[in-house]
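Working notes, beginning with the structure itself.
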Amino acid sequence: FGKNTLLELLGKAGFKKIEFYYPYPDYLFTEEIYSDYKLPKEGDLGINNRDFFGDNTKIFPENYAWNEIVNEGLFTTFSNSFIVLAKKWGNALNKIVYSKISNQRDEKHNTVTCIYINDDGSKYVEKKALNLYSQPFIDNLFEIYKKSSTIFIDDELTLVESSISKGNLIMDFANGDSLDSYLRRAIKENDETTFFELLNRYVNLLVKAYKTEKFVESEEFVKVFGHLNEAGPEDGVRCLNIDLIPQNIIIEKDNRWKIIDYEWTFDFAIPFKFLLYRSICYFMKNENSAYAFGKDLYKYVGISDDEKL
């Protein structure tokens with residue numbers, strides 16, 4: 001059955017409270033669960049190349065198709081499966097409106113991030129451990145938050161307020177669209193001026209916040225990233241959030257930028273350009289190109305061909 005048929009049948013059966021959830025990329029190995037209160041936006045659906053049965057034939061770029069589906073408001077129709085919660089009386093069934101399950105990595109880093117909605121419509125975010133081994137990872141996140149808050153002190157770019165409650169990390173919900181969404185919209189609308197204004201502001205805010213030092217390979221760095229080649233970069237940064245990419249920055253209505261993820265922050269020095277590299281890499285992966293408006297974005301942010309991984 002499709003969603004509309006299920007709604008009709010459940011309604012006829014007397015169910016008054018019906019909530020739909022949408023596993024992504026599928027129900028077999030789900031990484032995210034959306035709801036009608038928290039739907040994906042353009043650029044969010046980038047995991048579309050899985051083939052568990054060996055009978056898929058790729059005939060068009062699915063990422064482009066999903067972006068159009070999202071923009072047309074048809075995601076709930078084209079979702080490949082549903083989770084349906086229904087009951088005949090009482091209040092709403094669930095206060096969770098979105099979940100991201102991060103369990104495809106070392107078990108000591110396995111977490112789940114949920115967005116909750118309160119009775120007044122406000123939202124908040126909770127990140128918790130998926131097992132006993134990953135609880136220290138959650139505990140350390142609050143320490144990272146406190147350290148990072150001393151770096152991002154400019155009102156233009158700050159972290160969402162965070163706290164610890166019952167072993168879980170609680171974060172304010174940032175209202176707005178991601179920087180990633182704004183950049184993609186500029187490309188779609190052929191707005192070169194806005195695109196590079198946003199990209200320049202992003203790079204300048206990072207340069208302003210992070211203090212660089214001469215980069216020297218440490219044992220901790222090699223353990224996580226391996227050895228760099230002899231022509232490695234000179235500028236390094238301690239307490240660098242390598243996941244401070246456009247997807248993890250929300251632009252609020254007052255034009256303040258909020259950092260919503262700081263999981264991958266390291267105490268030892270990391271080349272500053274690695275963050276810029278990851279930002280361009282993750283942004284352009286859905287575009288299948290490193291170019292925008294005829295410019296090589298890697299070179300635009302100062303990354304040479306030799307410095308690419």
Side-chain angles (χ1 to χ4, degrees), residues 21 24 30-41 43-44 94-105 108-131 133-182 202 205-206 209-210 239-267 275 278-279 282:
Y21 293 84
Y24 179 80
T30 302
E31 293 194 16
E32 297 176 88
I33 301 176
Y34 292 95
S35 74
D36 292 316
Y37 296 96
K38 177 67 172 68
L39 294 169
K41 297 180 180 179
D44 287 346
N94 203 337
K95 290 188 176 181
I96 300 177
V97 297
Y98 169 83
S99 294
K100 180 176 177 60
I101 304 99
S102 301
N103 62 353
Q104 298 185 358
R105 53 199 192 188
K108 65 183 180 181
H109 296 137
N110 285 351
T111 62
V112 59
T113 304
C114 298
I115 298 176
Y116 291 80
I117 187 168
N118 295 312
D119 292 337
D120 62 1
S122 63
K123 298 174 184 176
Y124 67 94
V125 181
E126 181 182 63
K127 188 184 292 286
K128 51 188 166 184
L130 278 178
N131 54 57
Y133 302 105
S134 56
Q135 186 59 52
F137 182 65
I138 294 294
D139 296 336
N140 187 54
L141 284 180
F142 188 59
E143 298 304 313
I144 291 174
Y145 164 73
K146 290 190 288 186
K147 289 181 182 179
S148 298
S149 294
T150 65
I151 296 173
F152 296 98
I153 57 176
D154 192 312
D155 283 345
E156 289 187 275
L157 179 65
T158 56
L159 281 74
V160 291
E161 293 290 331
S162 303
S163 61
I164 283 285
S165 176
K166 299 179 181 179
N168 300 328
L169 185 71
I170 309 298
M171 298 177 285
D172 286 353
F173 180 79
N175 282 296
D177 289 338
S178 68
L179 173 59
D180 182 273
S181 295
Y182 277 96
Y202 167 70
L205 286 173
L206 295 183
Y210 283 121
C239 208
L240 181 69
N241 176 4
I242 65 169
D243 216 18
L244 215 175
I245 59 178
Q247 288 175 311
N248 290 328
I249 295 176
I250 300 297
I251 301 179
E252 297 190 314
K253 289 182 179 180
D254 58 4
N255 205 29
R256 293 184 180 182
W257 292 18
K258 292 290 186 179
I259 302 168
I260 62 171
D261 194 345
Y262 43 84
E263 273 191 23
W264 301 111
T265 301
F266 298 89
D267 285 331
L275 170 55
R278 292 188 84 248
S279 298
Y282 274 85

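Just so you know, these numbers come straight off a predicted model, no measurement behind them.
- Under the 3.5 Å distance criterion, the side-chain polar atoms of D120 are matched with a main-chain donor or acceptor of S122.
- The environment of CG in N118 is crowded: more than 12 heavy-atom neighbours from other residues, nucleotides or ligands sit within 6.0 Å.
- Nearest heavy-atom pair, I117 versus V97, reported as atom, atom and distance to 0.1 Å: CG2-CG1, 3.6 Å.
- Under the rule for a salt bridge (Lys or Arg N to Asp or Glu O under 4.0 Å), K38 has no partner lying at least two apart in sequence or in another chain.
- Between the side chain of R278 and the backbone N or O of I245, no donor-acceptor pair lies under 3.5 Å.
- When side chains are defined from C-beta on, C239 counts as touching S148, because their heavy atoms get closer than 4.5 Å.
- The list of ring pair (Phe, Tyr, Trp, His ring centres under 6.0 Å) pairs with a residue in residues 146-167, not counting sequence neighbours, reads F152-Y210.
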Go through it in stages, so that I can follow the logic: the residues are I115 and I96, the test is side chain to side chain contact (heavy atoms under 4.5 Å, CB included), and I'd like the CA-CA distance, side-chain angles, deciding distance and then a yes or no. CA-CA 6 Å; I115 298 176; I96 300 177; over 6 Å; no

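- Side-chain N or O atoms of N248 include one that pairs as donor or acceptor with a backbone N or O of D243 at under 3.5 Å.
- Under the 4.0 Å criterion applied to side-chain N and carboxylate O atoms, K147 and D267 are assigned as salt-bridge partners.
- Atom CG of L179 is separated from atom CD1 of I251 by 5.0 Å, given to the nearest 0.5 angstrom.
- Residue F142 places its CZ atom among more than 12 non-hydrogen atoms of other residues, nucleotides or ligands, all under 6.0 Å distant.
- With L141 as the partner, the side chain to side chain contact (heavy atoms under 4.5 Å, CB included) test is satisfied by one option alone out of K146, M171, K127: K127.
- Ionic pairing of E263 and K100 is not present here: no N-O contact between side-chain nitrogen and carboxylate oxygen is shorter than 4.0 angstrom.
- Judged purely by distance below 3.5 Å, without hydrogens or angles, the side chains of K128 and T111 never pair a donor atom with an acceptor atom.
- Closest non-hydrogen pair, K123 versus Y37, comes out as NZ-O, 3.3 Å.
- Contact check for I33 versus I101: side-chain heavy atoms found under the 4.5 Å cut-off.
- Taking every heavy atom of both residues into account, A174 and K258 meet most closely at CB-CB, 4.1 Å.
- Separating the CG atom in D154 from the CH2 atom in W257 is a distance of 12.0 Å, to the nearest 0.5 Å.
- Under a 3.5 Å cut-off, the side chain of T158 and the backbone N or O of D155 do not form any donor-acceptor pair.
- For the residue pair S165 and N168, no side-chain donor N or O sits within less than 3.5 Å of a side-chain acceptor on the partner.
- If you run side chain to side chain contact (heavy atoms under 4.5 Å, CB included) between N241 and each of I151, L159, I259, only I259 comes through.
- Looking at heavy atoms from C-beta onward, P40 lies out of side-chain contact with Y24 at the 4.5 angstrom threshold.
- When every heavy atom of V125 is checked against every heavy atom of D172, the shortest pair comes out as CG2-O, 4.2 Å.
- Residues E126 and I170 form a side-chain contact, since some pair of their non-hydrogen atoms from C-beta on lies under 4.5 Å apart.
- The salt bridge (Lys or Arg N to Asp or Glu O under 4.0 Å) search around K108 returns none, not counting sequence neighbours.
- Among all heavy-atom pairs drawn from Y262 and I144, the shortest one is O-CG2, 3.6 Å.
- The distance between the ring centers of Y34 and Y21 does not fall below 6.0 angstrom.
- The backbone N or O of V160 lies less than 3.5 Å from a partner atom in the side chain of S162, making a donor-acceptor pair.
- The two residues V112 and C114 have their closest heavy-atom pair at CG2-SG, 4.0 Å.
- With hydrogens and angles disregarded, no donor-acceptor distance shorter than 3.5 Å links the side chain of S178 to the backbone of Q247.
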